[in-house]
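Computed from a predicted model, the values in this text were never measured in an experiment. Counting from 1, the numbers follow the sequence of the chain as shown.
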Amino acid sequence: MKTAIILPTAFITTTNSNTDSKNRIDQYAGGLEQMIVLARKHPMDFDFYLVDSTLADPSVIDDKIKNVLSKIPNLKTCFFLNNEAGRKNKGAGLIIQWQKILSVIGERYKYIISFEPRQKLENFIFFERFLSDPNNYFRVERVLVRKYKIFTFRLVQIMTGLVAIESLELKKYVDNVSIKWMLMMKISIERDLYKFIINNRLSYKEVPYLNVIWHDSFNDKLIRI
């Protein structure tokens with residue numbers, strides 16, 4: 001049985017000519033090109049679904065990205081405009097994208113892999129590990145945080161840039177999330193998804209590294225995850 005790879009994007013930020021937009025175009029093109037390589041390495045194992053909630057008209061996408069998209073085998077795309085929540089909370093925006101694409105995919109796949117293609121893959125170990133033993137795979141981050149300079153606590157969260165999860169479990173999660181509550185309480189999807197996994201006793205395999213390089217735009221630096 002094939003696995004669906006969801007590629008969440010925000011192409012509206014690549015439609016002008018400033019330096020930041022050009023950098024994002026290069027990042028998207030690089031990440032999506034790696035999906036072409038993955039498809040060639042495993043031609044019978046994956047179907048690809050790109051979802052973007054920042055623009056309804058794909059004609060405005062940069063030509064460099066369009067060229068790469070045209071080379072991903074059997075790529076299905078879903079473009080729609082519903083980015084108000086995503087502007088305020090990126091995690092809420094991702095959930096809206098998951099909700100939309102899961103309604104398109106239905107129950108055709110047992111597992112979903114979600115990969116945010118602005119990241120650069122160092123290798124394909126995550127995907128190969130999944131193929132050798134299909135399961136839920138997450139990188140769990142545990143960080144000691146000091147609050148009010150008085151006490152510390154351990155912050156635990158899922159790195160959502162690359163996850164493998166059962167399709168029915170992901171649908172259960174997105175169907176029960178309140179976007180309004182996420183926005184009002186400034187809830188992080190990384191922590192919220194981890195709570196869902198624990199509360200629902202979802203078994204999973206923890207990976208120490210996703211083997212991706214992520215651009216931290218706030219601090220303008222590359223981080224290996």
**Student:** For a 4.5 angstrom cut-off between non-hydrogen side-chain atoms, does L38 reach L121?
**Tutor:** no
**Student:** Could you give the distance from CD1 (I165) to NZ (K171), rounded to the nearest 0.5 Å?
**Tutor:**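 I165 atom CD1 to K171 atom NZ measures 13.5 Å (nearest 0.5 Å).
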**Student:** Using 0.5 Å steps for rounding, measure from the NZ atom of K172 to the CG atom of L170.
**Tutor:**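 Reported to 0.5 Å precision, the distance equals 11.5 Å.
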**Student:** Can Y137 and I113 be said to form a side chain to side chain contact (heavy atoms under 4.5 Å, CB included), step by step?
**Tutor:** CA-CA 9 Å; Y137 285 94; I113 294 177; over 6 Å; no
**Student:** Is there a path of hydrophobic side-chain contacts, each under 4.5 Å between heavy atoms of I/L/V/M/F/W/Y residues, joining Y28 to L210?
**Tutor:** yes
**Student:** Restricting to non-hydrogen atoms, name the atom on G91 and the atom on M182 that form the minimum distance, rounded to 0.1 Å.
**Tutor:** C-CE, 4.2 Å
**Student:** Between L183 and A92, which heavy-atom pair has the shortest distance, and what is it?
**Tutor:** CD2-CB, 4.2 Å
**Student:** Please check this pair: side chain of D57 against backbone of S59, looking for a donor-acceptor N/O pair closer than 3.5 Å.
**Tutor:** yes
**Student:** State, to 0.1 Å, how close S188 and Q157 come at their nearest heavy-atom pair, and which atoms those are.
**Tutor:** OG-OE1, 4.3 Å
**Student:** Taking the six-membered ring for Trp, are Y111 and F130 ring centroids under 6.0 Å apart?
**Tutor:**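 Between F130 and Y111, which both carry aromatic rings, the centre distance is below 6.0 Å.
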**Student:** Please determine whether the number of non-hydrogen atoms from other residues, nucleotides or ligands lying under 6.0 Å from atom NZ of K110 exceeds 12.
**Tutor:**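 No, because the 6.0 Å sphere around NZ of K110 holds 12 heavy atoms or fewer from other groups.
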**Student:** Going by an N to O cut-off under 4.0 Å, is there a salt bridge joining K205 and D133?
**Tutor:**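 Judged by the 4.0 Å cut-off on N to carboxylate O distance, K205 and D133 do form a salt bridge.
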**Student:** Name all pairs fulfilling the ring pair (Phe, Tyr, Trp, His ring centres under 6.0 Å) condition that reach into residues 157-188, sequence neighbours left out, sorted by first residue then second.
**Tutor:**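 Non-adjacent pairs meeting ring pair (Phe, Tyr, Trp, His ring centres under 6.0 Å): Y173-F196.
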**Student:** Does Q99 reach the main-chain N or O of V174 with its side chain, forming a donor-acceptor pair under 3.5 Å?
**Tutor:** yes
**Student:** Would a single hydrophobic cluster contain both I61 and L75, if residues Ile, Leu, Val, Met, Phe, Trp and Tyr are joined by side-chain heavy-atom contacts under 4.5 Å?
**Tutor:**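 Yes, it is one cluster - the side chains of L75 and I61 are joined through contacts under 4.5 Å.
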**Student:** Do the side chains of I189 and W98 get nearer than 4.5 Å, heavy atoms only?
**Tutor:** yes
**Student:** Check this for me: does any side-chain nitrogen of one of E128 and K41 sit under 4.0 Å from a carboxylate oxygen of the other?
**Tutor:** yes
**Student:** Is it true that a side-chain atom of N136 and a backbone atom of E166 form a donor plus acceptor pair closer than 3.5 Å?
**Tutor:**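 Side chain of N136 to backbone of E166, a donor-acceptor pair under 3.5 Å: yes, one is there.
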**Student:** Got more than 12 heavy atoms from elsewhere within 6.0 Å of NZ, K71?
**Tutor:**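 Open.
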**Student:** Test your reading of the model: is there a side-chain donor-acceptor pair from Q119 to the backbone of G161, 3.5 Å cut-off?
**Tutor:**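 Indeed, once roles are kept as given, a pair shorter than 3.5 Å links the two residues.
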**Student:** Just how far is it from atom NZ of K120 to atom CZ of R224, taken to the nearest 0.5 Å?
**Tutor:** 12.5 Å
**Student:** Heavy-atom distance under 4.5 Å between the side chains of S114 and P8, does that happen here?
**Tutor:** yes
**Student:** Just by distance, with hydrogens left out, do D52 and T9 show a side-chain donor and acceptor under 3.5 Å apart?
**Tutor:** yes
**Student:** Among the clusters formed by ILVMFWY side chains lying less than 4.5 Å apart, do I197 and L155 turn up in the same one?
**Tutor:**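 No: no chain of side-chain contacts under 4.5 Å links I197 to L155.
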**Student:** Step through the shown structure and confirm whether more than 12 heavy atoms of other residues, nucleotides or ligands are within 6.0 Å of NZ on K88.
**Tutor:**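 Counting neighbours around NZ of K88, 12 or fewer heavy atoms of other residues, nucleotides or ligands fall under 6.0 Å, so no.
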**Student:** Quick one: do F138 and F127 end up in the same hydrophobic cluster if we chain Ile, Leu, Val, Met, Phe, Trp and Tyr together by side-chain heavy atoms under 4.5 Å apart?
**Tutor:**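 In one cluster with F138: F127, no.
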**Student:** Do V104 and K76 make a side-chain contact, defined as non-hydrogen atoms from C-beta onward lying under 4.5 Å apart?
**Tutor:** no
**Student:** Is there a donor-acceptor contact under 3.5 Å from the side chain of D47 to the main chain of N74?
**Tutor:** no
**Student:** State, with a plain yes or no, whether a side-chain heavy atom of K100 is found less than 4.5 Å away from one of C78.
**Tutor:**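 Heavy-atom side-chain distance check passes, below 4.5 Å.
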**Student:** Return the minimal non-hydrogen interatomic distance between F48 and P73, and the atom names on each side.
**Tutor:**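 Scanning both residues completely, I find the closest heavy atoms to be CD1-O, 4.0 Å.
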**Student:** Flag yes if more than 12 heavy atoms outside E107 fall under 6.0 Å of its CD atom; otherwise flag no.
**Tutor:**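 Result for CD/E107: open.
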**Student:** With side chains defined as the heavy atoms from C-beta onward, is the minimum distance between I198 and V156 less than 4.5 Å?
**Tutor:** no
**Student:** Taking the basic N atoms (NZ, or NE/NH1/NH2) and the acidic carboxylate oxygens, is any pair closer than 4.0 Å for K22 and D62?
**Tutor:**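 D62 and K22: not salt-bridged.
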**Student:** For the hydrophobic clusters of this structure (ILVMFWY residues joined by side-chain heavy atoms under 4.5 Å, transitively), does one cluster hold both I125 and F46?
**Tutor:** no
**Student:** Determine whether M159 and V212 make a side-chain contact, defined as any pair of heavy atoms from C-beta on separated by less than 4.5 Å.
**Tutor:**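 The answer is no; the side chains never approach within 4.5 Å.
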**Student:** Heavy atoms, side chains only, cut-off 4.5 Å: are T3 and I112 in contact?
**Tutor:**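 Answer no - side chains too far apart.
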**Student:** Working to the nearest 0.5 Å, report the span between CG of L162 and CD1 of I225.
**Tutor:**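 Output value for this atom pair is 9.5 Å.
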**Student:** Can you name the closest pair of heavy atoms from L50 and L32 and give their distance?
**Tutor:** CD1-CD2, 4.1 Å
**Student:** Using side chain to side chain contact (heavy atoms under 4.5 Å, CB included), reason through T77 and F79 one step at a time and then give a plain yes or no.
**Tutor:** CA-CA 6 Å; T77 58; F79 296 99; 3.4 Å; yes
**Student:** Find the distance between CD1 (I105) and OH (Y49) and round it off to the nearest 0.5 Å.
**Tutor:**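 Reported value, rounded in 0.5 Å steps: 5.0 Å.
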**Student:** Would you give the length of the straight line joining atom CD of E190 to atom CD1 of I158, rounded to the nearest 0.5 angstrom?
**Tutor:** 9.5 Å
**Student:** Can a salt bridge be assigned to the pair E116 and K90 using a cut-off of 4.0 Å between side-chain N and carboxylate O?
**Tutor:** no
**Student:** Ignoring hydrogens, what is the shortest heavy-atom contact between A85 and I96? Give both atom names and the distance.
**Tutor:** CB-CD1, 3.8 Å
